[in-house]
Amino acid sequence: MKSLLAFLGVVSLALGVAGIFLPLLPTTPFLLLAAWLFVRSSPRLYAWLMSHPRLGEYIRNFRENRAIPLRVKVVSVAMVWLTIGFCIVAVVGQWWWAQAALALTAAAITWHILSYATLKK
């Protein structure tokens, strides 16, 4: 069972890292899931994740403060709207219902991101 949890933790970690670059894929929830899976499967992987200079900070900030740094909020919202805006104009330009669905998705993601407190450093 520990091997399965460790494997799922690695998959979650990979999805979290991919979420840094892909605007519709959330980073923090996957990193939190990876940490949770590593705690139950491998103390060594958990320690590595928590001490990682970039990824560990995401997890610590969210677990301790339930907050997102302002820079991360701005970049996340901008990337969501740039990516989805491009899709609305260039990819599904002829289907009004797909454009509306994408716009609603972008609005929901924006609301979700902005609903968290802003981390003050």
Visitor: Give a yes or no on whether the backbone of W48 and the side-chain of S51 come within a donor-acceptor separation of less than 3.5 Å.
Guide: yes
Visitor: Can you tell me how far NZ of K2 sits from CG of L5, rounded to the nearest 0.5 angstrom?
Guide: 9.0 Å
Visitor: Tell me who clusters with W111, hydrophobic residues only, linked when side chains sit under 4.5 Å apart either directly or through other members.
Guide: none
Visitor: Applying a strict under-4.5 Å side-chain criterion to I, L, V, M, F, W and Y, I'd like to know whether L114 and W81 cluster together.
Guide: yes
Visitor: What are the two closest non-hydrogen atoms of G9 and L37, and how far apart are they?
Guide: N-CD1, 3.5 Å
Visitor: Is a side-chain donor or acceptor of S76 paired with a backbone partner of V72 at a separation under 3.5 angstrom?
Guide: yes
Visitor: Considering residues at least two apart in sequence or located in another chain, which fulfil the side-chain contact (heavy atoms from CB on, under 4.5 Å) criterion with Y116?
Guide: F62, R66, I68, H112
Visitor: About how many Å separate CG of L119 and CZ of R60, when rounded to the nearest 0.5 Å?
Guide: 11.5 Å
Visitor: For R63, enumerate each residue passing the side-chain contact (heavy atoms from CB on, under 4.5 Å) test, keeping only those at least two apart in sequence or located in another chain.
Guide: L32, Y46, M50, I59
Visitor: Less than 4.5 Å apart, side chain to side chain, heavy atoms only: is that true for F30 and V11?
Guide: no
Visitor: Quick one: side-chain contact (heavy atoms from CB on, under 4.5 Å) partners of T27, sequence neighbours excluded?
Guide: I20, L31, Y58
Visitor: CG/L33 to CG/L15 distance, rounded to the nearest 0.5 angstrom?
Guide: 9.0 Å
Visitor: Starting at CD1 of I84, measure out to CE of M79 and round the result to the nearest 0.5 Å.
Guide: 11.0 Å
Visitor: Between side-chain atoms of residues 85-97 and protein atoms elsewhere (two or more places apart, or another chain), which donor-acceptor pairs fall under 3.5 Å?
Guide:
none

Visitor: How long is the gap from OG on S41 to CH2 on W36, to the nearest 0.5 Å?
Guide: 9.5 Å
Visitor: Show which residues join V74 in its hydrophobic cluster (side-chain heavy-atom contacts under 4.5 Å, direct or indirect), or state none.
Guide: L70
Visitor: Could you verify whether a donor N or O on one side chain and an acceptor N or O on the other, from K73 and T118, lie under 3.5 Å apart?
Guide: yes
Visitor: Do L55 and L13 touch side chain to side chain, with heavy atoms closer than 4.5 Å?
Guide: yes
